[in-house]
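One structure is given below, encoded as structure tokens.
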Amino acid sequence: MSIDFESLKDKAVVAAQTGVTRVKELTETGVAKAKELADTGAAKAKEITEIGKLKVNNSAEQEAIRKAYSELGKLYYAERGSAPEAAYADACQRITDSLARISYNNERIADIKAAGQLSDGEVEPEPVCEEPSCCCGGEEKDEGPCCCEQDEDKPQE
């Protein structure tokens, strides 16, 4: 039996070239697929980032609305708190009652300090809250901490 080495060599070269061509095709397909996935991922990340920015902007706008409501309420109470329109009478009365309780409590604090000869340094200072929607006013806020619970390092508004 004789072996035709020339024919085997030719077949081996063809097989190697076919293999190389197939590997190139697979590599190009893989690179294209990877690029497509990367582009899709980048687009999703961009969308998620945009949504996050919009949510932060919405939070800032909600805070601006909350502050405007608070300011509006303070102005109304200052101008009409003693003779409010019927729809506002209950809320104005709650504010008046809370302010009276705060005043009474502050007087009691002063009396206790005087009787016990306590200095302000010996007693942790209580924050003063004039925020009508605050928990100090007798009602809990819908979101966020009470102004009385703010960090001492952060200035109160």
With N105 via side chain to side chain donor-acceptor pair (under 3.5 Å) - residues at least two apart: none
To the closest 0.5 Å, what do you measure between [atom1] ([X]) and [atom2] ([Y])?
X: L118; Y: I109; atom1: CG; atom2: CD1; answer: 11.5 Å
X: T27; Y: R22; atom1: OG1; atom2: CZ; answer: 10.5 Å
X: D4; Y: K9; atom1: CG; atom2: NZ; answer: 11.5 Å
X: T40; Y: K35; atom1: OG1; atom2: NZ; answer: 10.0 Å
X: L72; Y: I65; atom1: CG; atom2: CD1; answer: 12.5 Å

Side-chain heavy atoms of [X] within contact of [Y], under 4.5 Å:
X: Y76; Y: E85; result: yes
X: S59; Y: E63; result: no
X: E50; Y: E47; result: no

Go through the steps to decide whether K74 and S70 satisfy the test side chain to side chain contact (heavy atoms under 4.5 Å, CB included), and finish with yes or no. CA-CA 6 Å; K74 286 179 184 180; S70 177; 3.7 Å; yes
Tightest non-hydrogen contact, residues C92 and Y77, listed as O-CE1, 3.5 Å
Taking atom types as modelled, find out whether E61 and N57 have a side-chain donor-acceptor pair closer than 3.5 angstrom. no
Within the supplied structure, the quantity of interest is the number of heavy atoms (other residues, nucleotides, ligands) at a distance under 6.0 Å from E25 CD; does it exceed 12? yes
